[in-house]
Amino acid sequence: MAAVSSSDSDGCGAESNEANSKWLDAHYDPMANIHTFSACLALADLHGDGEYKLVVGDLGPGGQQPRLKVLKGPLVMTESPLPALPAAAATFFMEQHEPRTPALALASGPCVYVYKNLRPYFKFSLPQLPPNPLEQDLWNQAKEDQIDPLTLKEMLESIRCHAGLSLCRETAEEPLSVQSLSFLQLELSEMEAFVNQHKSKSIKRQTVITTMTTLKKNLADEDAVSCLVLGTENKELLVLDPEAFTILAKMSLPSVPVFLEVSGQFDVEFRLAAACRNGNIYILRRDSKHPKYCIELSAQPVGLVRVHKILVVGSTQDSLHGFTHKGKKLWTVQMPAAILTMNLLEQHSRGLQAVMAGLANGEVRIYRDKALLNVIRTPDAVTSLCFGRYGREDNTLIMTTRAMHRAFQTDLYLLRLRAARTYLQALESSLSPVSATAREPLKLHAMVQGLGPTFKLTLHLQNTSTARPILGLLICFLYNEALYALPRAFFKVPLLVPGLSYPLETFVESLSNKGISDIIKVLVLREGQSAPLLSAHVNMPGSEGLVAT
């Protein structure tokens with residue numbers, strides 16, 4: 001994660017570099033471990049203390065659970081798990097009561113979770129959809145044992161094919177429920193048990209939220225009460241009341257919305273632009289249940305930003321397009337690389353609005369209409385952008401990049417692999433104070449006492465088995481005879497009773513008067529075997545007695 005703040009230089013210019021930059025580097029953390037996109041980032045004064053926090057809907061990498069994170073400066077202030085992947089995050093004012101602190105809305109799965117003062121406040125769930133009547137009839141037959149599992153599978157497959165064709169023709173036919181889709185994935189041997197378990201349950205079909213934004217209720221002020229606008233997988237747009245969380249308006253689309261942009265107020269007049277999966281952008285107004293205008297793109301949209309009265313669309317053809325709200329194309333700008341994310345840059349003090357585009361080549365390009373204002377080069381490709389007030393600093397740009405966590409994980413896995421290989425090699429060569437074989441469960445610990453030139457070396461040898469004593473062991477010392485002298489370099493070990501630690505003592509005399517020290521190797525052997533059962537390396541201290549004399 002990186003955060004930069006805008007300097008007071010002029011807003012127009014070319015590429016940023018160290019000598020001529022319009023941004024001051026504030027924070028860079030390659031180990032932030034944040035995995036999100038622009039729609040799941042929000043900046044807000046959540047406690048009304050003037051300190052703006054960063055809200056992150058984290059996707060949870062590598063199969064980990066998605067989480068809601070709130071950052072204060074470079075540190076994660078709070079963190080809580082989410083039941084499903086987040087789709088969008090937004091902050092809005094619910095009422096006019098004092099103190100005026102915004103609420104946080106997080107769309108995840110079929111629900112919107114609303115927080116006030118970072119505490120759970122309300123949960124709105126999308127209404128359930130009516131099931132496919134043919135599917136319902138088939139499961140009713142299965143409930144009465146009037147149809148076998150194989151026939152049920154064939155009929156459900158037929159319904160799924162017809163539903164898919166109706167989606168291609170953009171006609172209304174309900175797809176299958178999760179229960180039926182799960183049944184179709186089973187093997188033949190598993191079908192009967194599944195039918196017996198689920199045939200008495202009612203068919204439920206639940207949609208999920210794909211995108212979310214806010215719409216002012218009746219005033220255009222920055223801290224005015226706002227409604228939540230939800231886009232759903234069943235090709236609908238829902239406007240929610242900010243206090244009761246009832247559905248104020250419902251609009252239908254020909255395809256699933258993925259990006260939303262709104263302008264105006266719900267009680268007065270508003271325009272709503274929805275970029276959909278079919279590659280079109282649909283424009284709706286206050287009293288319309290269906291789109292009023294349609295913008296047909298030549299490629300799939302990757303981002304949608306409203307800059308004043310212009311809709312700026314990024315496409316998979318590596319280009320930005322500017323459109324009016326009636327669908328007239330104004331301009332096109334070609335990008336040097338693929339567009340990964342887009343967001344709005346709004347500087348209230350200067351009345352500046354611009355679009356930010358994060359590219360696959362590690363650039364963040366800022367455009368006002370089709371004029372390039374600035375280019376920011378980043379260490380890696382930017383996956384999410386957020387601009388606003390952070391902490392107590394205005395005009396802060398927050399960016400998250402990809403691949404850094406993957407590189408860190410790769411290095412970590414390699415480190416673990418090398419450690420495991422080294423440990424295995426130590427066990428196989430008996431270079432460990434713990435025995436690797438279950439037949440000879442032993443543990444060795446060595447301790448050196450004294451200042452020199454004579455040291456006391458105590459070996460603590462333990463039989464770690466539960467019931468079997470061990471007999472016939474030998475202790476051998478390997479050392480530099482020019483530096484040390486031992487009275488016994490080889491002796492037998494007495495019978496080792498399970499569970500007891502046996503202290504085996506010997507003396508080591510240092511022969512060097514220069515304070516030189518070395519390693520003494522201790523080997524535990526079995527009579528009649530050349531390979532040691534275990535070993536230990538004793539780092540001998542320097543002889544302070546010889547140096548003093």
Side-chain angles (χ1 to χ4, degrees), residues 37-40 57 59 66 84-90 105-112 124-132 159-178 180-181 204-215 228-240 247 249-262 271-285 288-306 311 313-317 321 323 327 339-342:
F37 46 93
S38 298
C40 289
L59 304 179
L85 290 174
L106 189 78
S108 177
C111 303
V112 177
F124 171 81
S125 298
L126 294 177
Q128 291 188 1
L129 304 177
N132 189 306
I159 296 175
R160 182 167 67 171
C161 292
H162 283 89
L165 291 174
S166 68
L167 289 176
C168 295
R169 296 192 301 266
E170 297 186 355
T171 57
E173 184 169 338
E174 292 85 358
L176 294 179
S177 65
V178 175
S180 296
L181 293 175
K204 296 180 180 180
R205 196 162 64 88
Q206 182 74 64
T207 187
V208 295
I209 301 170
T210 57
T211 182
M212 179 177 68
T213 189
T214 58
L215 170 65
L228 291 178
V229 183
L230 309 179
T232 65
E233 188 71 32
N234 64 318
K235 298 179 282 190
E236 286 185 341
L237 296 176
L238 306 177
V239 181
L240 303 183
I247 299 176
K250 181 185 294 187
M251 292 162 274
S252 300
L253 293 171
S255 184
V256 179
V258 290
F259 301 106
L260 291 177
E261 278 293 340
V262 298
R271 285 188 178 92
L272 197 154
C276 298
R277 288 183 189 159
N278 62 354
N280 294 339
I281 299 175
Y282 299 98
I283 313 297
L284 300 96
R285 302 188 68 173
S288 59
K289 299 294 182 182
H290 300 280
K292 187 174 180 64
Y293 303 103
C294 175
I295 302 174
E296 295 185 2
L297 303 176
S298 57
Q300 286 290 327
V302 295
L304 177 65
V305 176
R306 180 179 59 86
L311 290 174
V313 186
S315 73
T316 54
Q317 292 180 335
H321 309 278
F323 293 92
I339 302 173
L340 300 181
T341 186
M342 294 173 55

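The first residue of the sequence shown is numbered 1, and numbering continues consecutively from there.
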### Message
Please check: side-chain N/O of R205 versus main-chain N/O of S177, any donor-acceptor pairing under 3.5 Å?
### Response
no
### Query
Just how far is it from atom CD1 of I247 to atom CG of L228, taken to the nearest 0.5 Å?
12.0 Å
Could you pull out every donor-acceptor pair under 3.5 Å between side chains of residues 292-302 and any protein atom, sequence neighbours left out?
residue : atom : partner : partner atom : Å
S298    : OG   : Q317    : OE1          : 3.0
Q300    : NE2  : R277    : O            : 3.0

### Summary
Minimal heavy-atom distance between L253 and A274, with the atoms involved, is CD1-CB, 3.9 Å
### Summary
In this structure, CG of L311 is separated from CD1 of I283 (nearest 0.5 Å) by 5.0 Å
### Message
Using the side-chain contact (heavy atoms from CB on, under 4.5 Å) criterion, which residues pair with P66? Sequence neighbours excluded.
### Response
L82, L85, P86
### Within-4.5 Å side-chain heavy-atom neighbours: H321 and S315
yes
#### Entry: Side-chain donor/acceptor of R306 to backbone N/O of V262, under 3.5 Å
yes
### Query
What pairs with S180 under side chain to side chain donor-acceptor pair (under 3.5 Å), at least two apart in sequence or on another chain?
E135, W139
### Message
Please enumerate all residues that pass side-chain contact (heavy atoms from CB on, under 4.5 Å) together with I209, with sequence neighbours excluded.
### Response
A107, V112, L126, L230
### Message
So, using side-chain contact (heavy atoms from CB on, under 4.5 Å) as the criterion, who are the partners of V208 when residues are at least two apart?
### Response
P110, E233
#### Entry: Partners passing side chain to side chain donor-acceptor pair (under 3.5 Å) against T214 (at least two apart in sequence or in another chain)
none
### Task
Hey, could you give me the OH/NE2 distance between Y282 and H290, rounded to the nearest 0.5 Å?
13.0 Å
### Query
What heavy-atom pair brings P291 and P254 nearest, and what distance separates the two atoms?
CG-CD, 4.0 Å
### Message
Nearest 0.5 angstrom please: L215 CG to L237 CG, how far?
### Response
11.5 Å
### Task
Only counting residues at least two apart or in another chain, list the ones meeting side-chain contact (heavy atoms from CB on, under 4.5 Å) with T341.
S38, V382, L385
#### Entry: Student check: side-chain heavy atoms of L59 and F37 closer than 4.5 Å
yes
### Query
E261: what forms a salt bridge (Lys or Arg N to Asp or Glu O under 4.0 Å) with it, not counting sequence neighbours?
none
### Message
I need the Q206 CD to Q128 CD distance, nearest 0.5 Å.
### Response
5.5 Å
### Task
Working to the nearest 0.5 Å, report the span between CG of L238 and CE of M212.
12.5 Å
### Query
Which heavy-atom pair separates I281 from A273 by the least distance, and what is that distance?
CG2-CB, 4.4 Å
### Partners passing side chain to side chain donor-acceptor pair (under 3.5 Å) against T232 (at least two apart in sequence or in another chain)
N234
### Message
Please give me the minimum heavy-atom distance between L260 and G231, naming the atom from each residue.
### Response
CD1-N, 4.1 Å
### Query
Should V239 and M251 count as side-chain neighbours, where that means a heavy-atom distance under 4.5 Å?
yes
